[in-house]
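Below: one structure, written as structure tokens.
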Amino acid sequence: MDTVAIITSVLTLIAGVGIFLIACSMMSSNLEALGSKRLKSLFSKASKSKLLGVGVGAATTAVIQSSSATSVMVIGFVNAGIMSLTQAATVIFGANIGTTITGQIVALGLFGGNSVSTSVIFAAFAGVGAFILAFSKKDKLTKIGGITAGFGMLFVGLSMMSGAMSYFSELEEVKSFLALFRNPFLLVLIGAVFTAVVQSSSVMTSMAITMVVTGLISLNQGVYITMGSNIGTCVTALIAGLTSTKNAKRTALIHLIFNVSGVAVFMLIGLFMGFGGVDYGYIFGKMFPNAPQIQLSMFHTVFNLVTVIIVLPLTNLLVKLVIKIVPDKKEKQTAPDGPSFSFIEEHMLRTPPLAVLQIKNEIIKMAETALNNFKTSCEIICTLDYGEIEAFRQRENQLNFLNKELVRFIVRLLKEDLNEKDRIYLTTAIRSITDLERVGDYAENIVEYADKLKEVNGSFSQKAAEEINEVKELIEKLYAEVIEAYKNGDKKALDKAYAVEERVDKVTEQMMQNHIERLSAGECTADVGAQYLSFSANAERIADHYINVARTVKAYL
């Protein structure tokens, strides 16, 4: 046994797995960024029927080459209330079909014989993609270059794994050792654990296909390892779901139950066939003779298709089951420990299109929080009633938290692969967050003006309070138009927001004139008047910051 050759083969195998993983990541991220708008559109259609949901899941996974990414996106949509549990279940079913495409591509790349290997032909795409990346200046072309290079690197990694395993297949010691692993349950466990570690069923399935082709393991061993990879791939979704809402936890559980059920059914069938001396390796070997790569890749496809066919009619029962496992218990309402995100979670960095959508939801919620503090500050300065001051302070802490942490999250997201429109949006979002935090600061100023009124035993006249209420109602109206423009890119709403903001300017200017008149008539003191003028100036600035948020839609419409 040549020690140097063994070490070289082990290192080559590790390098091949690494390149394969990087290739999958490159293809997934670039395809996802290039088609993010289409992906969102696809997911929105999943509600029309169960079969369409399966089709959407299969198509999405086939495109982005990652069932884990699809599952995490689904969990994100459920978490945001955009998708129901039933819709999510059907998309996850489809994702299991879509992920078999990678196995079919790998199987195709392992043909060759005496002619030029298809793996070598496909590997050449890595060079083509690199050439595009080196000379492309347009974002879209760069993404295409990344996809092409990733596709080619897939087969570079595959060739390296195949070469290393070919050497091991010649060593009797290695073959004898692997021959000990015949127990189907142990093989399923190996497949599940390895897939959970690398977080990619595509890598595990591709390695199993390569090992079968090189003769390192039997087809039947490859079959059970592939089954195990279906269970292991649930780990990513479980991690994403267990830190989210109840429905997100249920979605992750649906994914696990579905995959485990498929493995259980096929294990039972395999057990019964074993009594007759027949196994999956024998059946698929007869169906696709002299093509071990096709034998295993076709088993993978059939396995997932049959599982979907069995479980799809039981979708509603499966949803009811997970609701019973994760019930809607009436929990005691406890005050939050501190400020936190309402929509964003760490795992969303893996799915940039979903993260962008949730950032917009977070900013809309932030705008509402800022408005609530402004309304409370108006109430406090008019009535000097501090009953809501604790809620006011909690909201101010939330605004300060979002100003720091949401910007940090966006900066991290900007390092991911994004399409140009999403990148522009995120840049403007940072400015919007600053504007909304300033709205909160001005509301805080208004409360301080109330404190000063209280110190001098002063208060506003009925007329002044009515004018403050008029400005408050105008800013509420401005907020409604701003959110409509910001949420839906509505140009008409933007025009209406401009019109309301102009009215705020005129009303606050009139407030100053009214104050001078009241001061001249002796209807108010200088101390009270100073707080009134400060309020009108702050209200006008609040309107300016809200209109700044609406104005950002021009950048990416």
Side-chain angles (χ1 to χ4, degrees), residues 366-393 395-396 399-400 403 431-432 434-482 496-551:
M366 186 180 183
E368 182 186 10
T369 302
L371 179 72
N372 286 336
N373 261 16
F374 170 66
K375 287 159 64 178
T376 300
S377 69
C378 290
E379 186 68 23
I380 290 173
I381 201 169
C382 287
T383 65
L384 299 182
D385 180 354
Y386 287 77
E388 292 294 316
I389 194 64
E390 189 56 40
F392 177 92
R393 286 170 181 157
R395 288 193 293 265
E396 176 59 23
L399 291 172
N400 291 334
N403 185 45
R431 294 199 296 271
S432 297
T434 303
D435 278 309
L436 294 172
E437 195 271 338
R438 292 296 294 141
V439 170
D441 287 345
Y442 284 123
E444 214 173 9
N445 289 347
I446 293 167
V447 172
E448 289 174 7
Y449 304 149
D451 294 340
K452 290 175 182 177
L453 281 176
K454 204 169 184 180
E455 285 173 11
V456 298
N457 292 319
S459 63
F460 291 144
S461 65
Q462 182 64 32
K463 184 63 179 173
E466 287 173 2
E467 289 169 356
I468 288 172
N469 191 57
E470 183 184 0
V471 173
K472 179 175 77 73
E473 288 177 355
L474 275 175
I475 289 178
E476 286 182 74
K477 188 174 181 181
L478 172 64
Y479 162 82
E481 298 298 347
V482 165
K496 288 179 182 177
Y498 279 127
V500 177
E501 194 267 338
E502 286 179 11
R503 285 178 62 193
V504 173
D505 288 345
K506 289 176 182 177
V507 169
T508 51
E509 188 177 340
Q510 184 63 46
M511 287 174 73
M512 292 184 184
Q513 293 176 7
N514 294 344
H515 161 68
I516 294 169
E517 290 174 7
R518 282 193 292 269
L519 195 62
S520 300
E523 294 175 9
C524 71
T525 65
D527 285 336
V528 172
Q531 311 315 322
Y532 179 81
L533 286 177
S534 296
F535 169 86
S536 64
N538 277 251
E540 190 270 334
R541 287 167 189 156
I542 284 172
D544 288 342
H545 285 295
Y546 270 125
I547 205 69
N548 286 346
V549 173
R551 198 179 279 128

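Just so you know, these numbers use all the heavy atoms, side chains as well, and skip hydrogens, waters and symmetry mates. Remember, it's a predicted structure, so these values are computed and weren't measured experimentally.
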**Message:** If you apply the rule side chain to side chain contact (heavy atoms under 4.5 Å, CB included), what do you find for Val549 with Leu436, and how did you get there?
**Reply:** CA-CA 8 Å; Val549 173; Leu436 294 172; 4.0 Å; yes
**Asked** Any ion pair linking Arg438 and Asp441 (charged N to carboxylate O, less than 4.0 Å)?
**Response** yes
Name every donor-acceptor pair, under 3.5 Å, that has one atom in a side chain of residues 367-374 and the other anywhere in the protein, sequence neighbours excluded.
residue, atom, partner, partner atom, Å
Thr369, OG1, Lys365, O, 3.0
Asn372, ND2, Glu368, O, 3.4
Asn373, OD1, Arg395, NE, 2.6
Asn373, OD1, Arg395, NH2, 3.4
Asn373, ND2, Phe392, O, 3.2

**Message:** List the residues meeting salt bridge (charged side-chain N to carboxylate O under 4.0 Å, His left out) with Glu467, not counting sequence neighbours, and say none if there are none.
**Reply:** Arg518
**Message:** Tell me if a side-chain donor or acceptor on Asn403 pairs with a main-chain N or O of Leu399 at a distance below 3.5 Å.
**Reply:** no
**Prompt:** Tyr449: what forms a ring pair (Phe, Tyr, Trp, His ring centres under 6.0 Å) with it, not counting sequence neighbours?
**Reply:** none
**Asked** Around Glu509, counting heavy atoms of other residues, nucleotides and ligands shown, do more than 12 lie under 6.0 Å from its CD?
**Response** no
**Message:** Looking at every heavy atom in both Ser377 and Ala443, which two are closest together, and how far apart are they?
**Reply:** CB-O, 3.4 Å
**Request:** Could you tell me whether Glu481 and Lys477 make a salt bridge, using a distance below 4.0 angstrom between a side-chain N and a carboxylate O?
**Result:** no
**Request:** Return yes if some donor-acceptor pair links the side-chain N/O of Tyr546 with the main-chain N/O of Val439 below 3.5 Å, else return no.
**Result:** no
**Prompt:** Stepwise, does the salt bridge (Lys or Arg N to Asp or Glu O under 4.0 Å) test hold for Lys375 with Glu379?
**Reply:** CA-CA 6 Å; Lys375 287 159 64 178; Glu379 186 68 23; over 6 Å; no
**Request:** Identify the two heavy atoms, one from Ile475 and one from Val504, that lie closest to each other, and give their separation to 0.1 Å.
**Result:** CG1-CG2, 4.3 Å
